[in-house]
Trainee: 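Please see the structure below; I have some questions.
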Amino acid sequence: MSAPQTNIEKQKKRHKGPLIGMALAVVFGVGLIFFWLMDEAADGQSPLDPEPASEATTAPQAGAAPTGNTP
């Protein structure tokens, strides 16, 4: 069974707007992701790091168990 109306030229005209809209939405989304990644890179921290770099370099807090061979 075939489609009842197969006027290809008419379908091209009808689908042009929605296809352009979807393409613009994809470009906008990719742009946001790119901006977010560049903003995170400017902060000096990868967006995939589990904890911020500033907390990893701080001294141990009071009450924390000592590590290493300190007497």
Side-chain angles (χ1 to χ4, degrees):
M1 181 179 274
S2 64
Q5 297 175 351
T6 57
N7 187 349
I8 301 298
E9 294 304 316
K10 193 173 187 179
Q11 289 178 2
K12 282 183 185 179
K13 288 180 185 178
R14 286 185 177 176
H15 290 87
K16 185 182 257 187
L19 288 173
I20 290 173
M22 286 185 273
L24 289 174
V26 168
V27 168
F28 180 73
V30 169
L32 282 178
I33 292 171
F34 181 75
F35 176 76
W36 174 64
L37 289 175
M38 292 300 109
D39 186 49
E40 290 294 325
D43 291 343
Q45 176 185 358
S46 170
L48 301 177
D49 285 344
E51 61 184 49
S54 61
E55 291 180 14
T57 59
T58 59
Q61 297 180 355
T67 58
N69 293 332
T70 54

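All of these numbers come straight from a predicted model, not from anything done at the bench.
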Trainee: Look up atom CG in Asp39 and atom CZ in Phe34, then write down how far apart they are to the nearest 0.5 Å.
Mentor: 11.5 Å

Trainee: Roughly how far, to the nearest 0.5 Å, is CG of Leu19 from CG of Leu24?
Mentor: 11.0 Å

Trainee: One pair to check against side chain to side chain contact (heavy atoms under 4.5 Å, CB included): Gln11 and Arg14. What are the steps and the verdict?
Mentor: CA-CA 5 Å; Gln11 289 178 2; Arg14 286 185 177 176; 5.6 Å; no

